[in-house]
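Atom set for the values below is all heavy atoms of this structure, side chains included, hydrogens, waters and symmetry mates excluded. Counting starts at 1 for both ligands and their atoms, following the listed order. Since we're looking at a predicted model, the values are computed, not measured.
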Amino acid sequence: MPTDTLQTVKVHPLIVRITHWVNAFAILLMVASGWRIYNASPLFDFKFPKDLTLGGWLAGALQWHFAAMWLLALNGLVYVVYGILAGHFRRKLLPISPGALLRDVGAALRGRLAHDDLRVYNAAQRAAYLGAIVLGVVLMLSGLVIWKPVQFHALGALMGDYEGARLLHFFAMAALVMFVVVHVLMVALVPRTLPTMFTGRARVRKA
Ligand code: HEM
């Protein structure tokens, strides 16, 4: 394509790029240490492979989990507060209509999902990103109940108390891990999105 038909545009603000990568790193630590904590007292009839876990033993894994928790909570808060106050969520993640969502998920499954203008997320992306944010909030709240069941008793009552919060925490983790697997797969299918999450810019066709 002749270069005079291209222009450089801003795709992701700096704060979104920084919080995205810090969140991704913190979530990796949370999941790997969380799997080690789960292995010490499994909810179900299986354990996670030891090589995929972090912390070595229960107390070590708990230390990792709590350290990464502060990183994720503070960094996640910066992302969410920025997203709401700066209108980033309203501009990039909304609106989502059920029709557009069905159309885009169908196109994605057939490998025909267009993502030509990197400044605009399609409906499948909007729903997935909003879903990941909601899962993050659910994980934080259910984690608080598991950590301090007495102090967060009222919150726990909404989740079926301690045991309910444990189940909710587990299934929200499983859903977030599924999101990450699909998310990374989609990035691999449209690799030109990856540099934009570092540089914040992309070259697009002039209007
Ligand atoms: C581990 C947990 C991860 C979570 C929770 C997550 C979540 C998100 C969210 C919410 C967005 C939208 C950001 C916004 O505009 O506000 C996003 C975008 C993006 N993420 Fe992730 N992400 C994760 C990991 C990764 C990884 C490992 C990669 C790289 C392989 C990646 C690559 C990207 C890219 C390239 C975009 C921009 C997509 C586009 O412009 O079409 N993410 N991610």
Side-chain angles (χ1 to χ4, degrees), residues 7-35 48 52-54 64-65 67-96 100-101 104-105 107-108 111-143 169 171-205:
Q7 61 178 335
T8 301
V9 291
K10 261 194 102 171
V11 180
H12 302 295
L14 180 65
I15 192 160
V16 169
R17 285 177 274 146
I18 294 176
T19 52
H20 173 269
W21 291 118
V22 174
N23 270 336
F25 176 63
I27 285 173
L28 185 75
L29 297 181
M30 291 298 283
V31 170
S33 56
W35 286 0
F48 292 99
L52 297 181
T53 68
L54 178 68
W64 276 105
H65 210 63
M69 173 190 83
W70 287 112
L71 184 63
L72 184 61
L74 295 176
N75 185 72
L77 196 67
V78 171
Y79 172 65
V80 170
V81 168
Y82 169 82
I84 295 170
L85 295 188
H88 173 75
F89 290 161
R90 186 172 36 77
R91 266 194 317 275
K92 299 257 313 200
L93 304 185
L94 294 173
I96 314 174
L101 183 59
D104 285 355
V105 170
R112 295 213 194 111
L113 188 56
H115 187 24
D116 292 335
D117 186 346
L118 294 182
R119 289 167 294 183
V120 182
Y121 292 138
N122 56 54
Q125 282 180 297
R126 291 176 187 203
Y129 297 155
L130 279 174
I133 294 164
V134 171
L135 284 173
V137 173
V138 170
L139 279 161
M140 280 288 164
L141 295 180
S142 53
H169 202 65
F171 286 114
M173 173 281 295
L176 191 63
V177 169
M178 240 140 59
F179 160 82
V180 175
V181 170
V182 173
H183 182 52
V184 171
L185 212 68
M186 297 309 274
V187 173
L189 288 176
V190 191
R192 68 202 168 85
T193 59
L194 187 56
T196 68
M197 240 323 158
F198 292 100
T199 64
R201 288 165 200 287
R203 303 271 285 158
V204 298
R205 263 183 229 108

Of the protein's non-hydrogen atoms, which lies at the shortest distance from [atom], and what is that distance?
| atom | value |
| --- | --- |
| atom 29 (C) of ligand 1 | W21 CH2, 3.6 Å |
| atom 2 (C) of ligand 1 | V180 CG2, 3.5 Å |
| atom 27 (C) of ligand 1 | V184 CG2, 3.8 Å |
| atom 8 (C) of ligand 1 | H20 CD2, 3.4 Å |
| atom 35 (C) of ligand 1 | T193 O, 3.4 Å |
| atom 33 (C) of ligand 1 | H183 NE2, 3.4 Å |
| atom 40 (O) of ligand 1 | H12 NE2, 3.2 Å |
| atom 18 (C) of ligand 1 | M197 CE, 3.6 Å |

Item to check | Minimum heavy-atom distance between A86 and R91, given as atom pair plus value | outcome: O-NH1, 3.2 Å
Next on the checklist: Consider side-chain contact (heavy atoms from CB on, under 4.5 Å). Of L130, L176, V177, which one does L135 pass it with?
Outcome noted: L176
Look up atom [atom1] in [X] and atom [atom2] in [Y], then write down how far apart they are to the nearest 0.5 Å.
| X | Y | atom1 | atom2 | result |
| --- | --- | --- | --- | --- |
| M186 | L113 | CE | CG | 5.5 Å |
| R203 | Q7 | CZ | CD | 9.0 Å |
| I27 | L71 | CD1 | CG | 10.0 Å |
| M69 | M140 | CE | CE | 7.0 Å |

Checklist entry - Taking the inter-plane angle between the rings of W35 and F48 on a 0 to 90° scale, is it parallel (under 30°), tilted (30 to 60°) or perpendicular (over 60°)? => result parallel
Next on the checklist: Would you call the rings of H115 and Y121 parallel, tilted or perpendicular, taking 30° and 60° as the class edges?
Outcome noted: tilted
Next on the checklist: Could you work out, for atom 5 (C) of ligand 1, the closest of N122, L28, V187, I27 by heavy-atom distance?
Outcome noted: I27
Checklist entry - Which is closest to atom 15 (O) of ligand 1 by heavy-atom distance: F25, Y129, Y121? => result Y121
Next on the checklist: Can you tell me if F198 has over 12 outside heavy atoms packed within less than 6.0 Å of its CZ?
Outcome noted: yes
Within ligand 1, which atoms have a heavy atom of [X] less than 4.0 Å away?
| X | answer |
| --- | --- |
| A24 | 1 (C), 2 (C), 24 (C) |
| F179 | 4 (C), 5 (C), 6 (C), 7 (C) |
| H88 | 14 (C), 15 (O), 16 (O) |

Item to check | Stepwise side chain to side chain contact (heavy atoms under 4.5 Å, CB included) check, R201 with V9 | outcome: CA-CA 6 Å; R201 288 165 200 287; V9 291; over 6 Å; no
Checklist entry - Where on A132 is there a heavy atom closer than 4.0 Å to ligand 1, on the side chain, on the backbone, on both, or on neither? => result neither
Checklist entry - What part of L194 sits under 4.0 Å from ligand 1 if we count only heavy atoms: the side chain, the backbone, both or neither? => result both
Next on the checklist: Less than 6.0 angstrom separating the ring centers of Y129 and H183, yes or no?
Outcome noted: yes
Next on the checklist: When you compare ligand 1 with Y79, is there at least one nitrogen or oxygen pair between them that comes in under 3.5 angstrom?
Outcome noted: yes
Checklist entry - N/O of H115 under 3.5 Å from N/O of ligand 1, yes or no? => result yes
Checklist entry - Should N23 be listed as contacting ligand 1, given a heavy-atom distance under 4.0 Å as the test? => result no
Next on the checklist: Below 4.0 Å from ligand 1: does a non-hydrogen atom of M186 turn up there or not?
Outcome noted: no
Checklist entry - Under 4.5 Å between any side-chain heavy atoms of M197 and V16, yes or no? => result yes
